[in-house]
Amino acid sequence: METSGLNPANSEILEIGAVKIDKDNNISTFETLIKNKHKVPSEIFTLCKNLSQKELDKAPKLEEIKDDFLEFIKDKIIICHNKQFEEKFLEFHIGELKNKFLDSMELACVLEPFQREFNLDYLKKQITKDKNDEKHRALSDTIDTIDVVNALILRFKDRLEKEDKLTLYPLTFEMDSYLNKFKLENWEWSDIINNADFSLKEKTKTVFEEEKNQTKKSNLKEEEIYKLLGDNKNHYEELLKEKDIWDSKKGFIYEFRQGQYDLTKLIRETFNTNSANIACIEAPTGIGKSVGYLLPAVLEARYSKKRIIVSTATKELQVQLIDKDLPNVINSLGLSGKVSYGYIKGKNNYICKSKFYEYKKDYDKENPTTNDILSIIIIENLIKEGKYGDIEEISYLLLEHFKELREHIMKVACDVDLCKPKKCGENCLYKKRVEELKDEDITVVNHSLLAKWPYTDEKPMENIIVDEAHNLVEKGYDFFSQEIEYKNFRYFLKEIYPSEFSSSSKYYRDIKDKQKRKIKPIDRFYSEIKLDREVKEKISHNINFIFEKMYDVLDFGINEGYSLITNYDLNWEINLQKDDKVGTLYRDKEYVDITYKPYSQIIKSNFESILSNIKQILVIFDRNIDEDIVDKESEIYKYGKSKIKDLEDIATMLGMFLEDEKGDLVSKIASISSKFDNFILKVVPLNLADLFRENILSALNCGIFVSATLSVDNKMEYFTDTLGINTVENTKKIIEPIYNYKNRVQVIRPTDIGGYKSDDFVLNMSYNIQKYSEISDSNVLSLFTSRKRLEDTYDMLKNNLIDEDINVYMNKKGIKSLKNVDNKNIVLGSKGCFEGVDVPGDGLICVTLDKLPNLQPKDPLYYSIMTKFKKTYFDVNYPQMVIKVKQALGRLLRSKYDYGVFVLFNIGNNTYSNKKLENNLHGCIIKDVNQKNIEENISKHLQKSRREVITGLLIDIIKNKKAQNNNLDFVEYINKEIKNRSIKANVRYYKDTKDKLLVEYYNIKYLVEIDKVCKN
Ligand code: SF4
């Protein structure tokens, strides 16, 4: 079914398609368009292939087709993809329909939970042989759904056959018996799966596992490539000049880029030097940074047997490296299968198979729902073969569809202390990855894992390439900090609480404990070490006391009025901030200031008592464990010991938190949530340089730090000083941008929209953002430094855009929409969107920033840095602010054919600092423009840039067509290549002459003489 929107109350059904299969396999179809009563948003016509208003005008009304449809459907079960959507539309518009619905998306979630996405288009391309895009037309989508259902069932049977499971039982026997154990009905899909006609196997479009992993072969062989280097075998950066190597990817026009060559050369030199083995390189966007560092990584691994770790900050880049860049580089160099790679995360990111089977065996929730049990079945299907189990990789949709899944997964995540892969008998993904690490050439990780690197035995940290390295400065403090979070600590206390006293504990009872009737592992530990009742009672008293003191901390905020004066989390340094005001409260007919100090004192005194109680528990354990009589190898003993170790760590951390040493280089931060239902106490070491040197730099043979934004005012000292790199021999290099920023980007400051504190600021900003989307006829990314401003702008835009053909989003999910060049989308984003948004071409040509991303002067971490290192606010704020603004600007120019407008709504009036900012923005002048002139300014810039872009692009494409000697029709080829670069232009022959092309690009139309272009 195709509809005019997502909400049945204000959207209509525009098309219905259905395929009916009766028990004798007779097939009939139903298909109709439905005349719309209200305006259909333009994006629907873009989405639904070949659907037009003209056709809808000719179509019957819904009332006219209803009976035919009901007659066709009769009492059949309706299968559709994402039944929630279709069911609610049919319920609303054709209320007479009372049929049972089955959801093919649910079928996919349960049978193949390892898929990355579950939409019809993705599944079709993954598991059937039909690789065409989903048409978003009713009947063809129905046929796709049938193909997907067939493929899911056949692949399920195929997998079971491989496990030798198909003997006596129907296919879903295990699932249903597990559901029945909890007195739940069989799974709705069971009958259909069990009665499927498997003789159809040969006739379907199903792709089976073994057919899938066929790697693309390189055009050239390894030896041929090696020969290309001639006598200079070591200077492998020269390979970047060999177009044939890199052109192998379909539809990819390779161009030599000096910046990429320089990057590779410097990395090669750093890998092979006896002196400065650390290099910090600013590599601007567009030079092909990833290939620039992966080429040396692959070749050093292959020919010098170096084992390399590549670290990145964002998950997006890790996925891109593993799925795309690494296989492409390896394949292009003819090294498929000769250089191994993979990525690994911290233990707690994996599902533990052994924990899962224990959990499943003991699961005894009183009234579980079907989705509860299906969630457990999903986890089992996910981890069965040991190929999957990375928690982060689990599709967001799966977690959305099965809300219970998240909770079950948390319970079976790998236990950091208990997991010993060498001794474990299960074949889980984590164990597999740890084993592979030993021989792996290139391993991709994230920065936080790199900082702690727990896999030294398997793969020592010798050669690292750190991309997005600027993140190390900001996040570095987190890597080495320790914290206690109230919710986690409460959960931990519950785990070690002796069950026999839990019913008499008022605090324990407060915690929802759905499985309290069970014997907990800790009880088994207490009996293993033979704790008598009295001792256990003492432990429970101590824990009750800790609960009480923790509750008091949160209650204090509520009782003393803190909760009344702030909508935000409270964050402060517990020793440094004297008695700063949180806010003012009207109390007993007068205004009183509420300050941090009383809260600090309550936290300190309560946690001193908590620490003393923890110590008492530790003493109890110490006195009562007789190492001579316990079985130290037993699982339960190890479990108990790991809990004691956790408690010791908590005590150490709390001890540090409560110390009040003036000279220590630590920041002690208390954060209380705005709802006063959680707190975090944090100890952050400030000597990042020392820690970084000790934990990372000292171990290295070679360290490469790369980012598009490492320098501030053309120097890298901020980066190298903060991380202690300045104390070891190092090379610094800033590679010049390949784009002419000054020419391609216009930086604008609207002058008459008021300061960010003024009442009209959000209103004016929203109006401007909308206008930019209209003027540019494209998408806008609006970045915010304040969550509140972002939300207010979203509400305002949403309201203003009700009748417009512009969509507005305010989360990371909206980023995808920027890639759609046929719509107008506005995406509002905060912190996370300053980087990682990579939208080339016409997808993104306007980026706005609400104000300069300055630090809060009272941010506890930076306040500590200022106080303890005697730095000014400018010293601490300026570099990080510049880097963030550079990051924001970097969203605009991603490829050679990019251009755009960067709008800074509020940057203050300090001419000196704005001049400095201009230097950091590659010399782009910040132009003051008033509302009256803004449209003209932007239009002029876009007009000029678009003409340049399309001309350059046509020259490149036509040259390439000649070089490739491609058989495709000339115009067809050009249009395909234009589309590949997300450029919204179209060409055709001018009046049937084959020597001129008519180019249409937004509002530009002009003629190109083909011969002239070719001569260029
Ligand atoms: S290796 Fe670790 S994560 Fe894997 S099943 Fe064993 S204990 Fe669990």
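Atoms within each ligand, like the ligands themselves, are counted from 1 in listed order.
Only protein N, O or S atoms were considered, and those under 2.8 Å from atom 6 (Fe) of ligand 1 are Cys424 SG.
Taking the side-chain contact (heavy atoms from CB on, under 4.5 Å) definition, one finds that Lys682 meets it with Asp478, Ser481, Glu483, Ile669, Val684, sequence neighbours left out.
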Dump the intermediate steps for ring pair (Phe, Tyr, Trp, His ring centres under 6.0 Å) on Phe679 and Tyr486, then the final yes or no.
CA-CA 5 Å; Phe679 60 73; Tyr486 164 72; 5.2 Å; yes

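Scanning both residues, Pro454 and Leu449, for their nearest heavy atoms gives CD-CD1, 3.7 Å. Considering all non-hydrogen atoms of both residues, Phe489 and Met550 come closest at CD2-SD, 3.3 Å.
Ring centers of Tyr359 and Tyr363: under 6.0 Å apart, within the cut-off.
By the 6.0 Å and 45° rule, Lys360 stacks over the aromatic ring of Tyr178.
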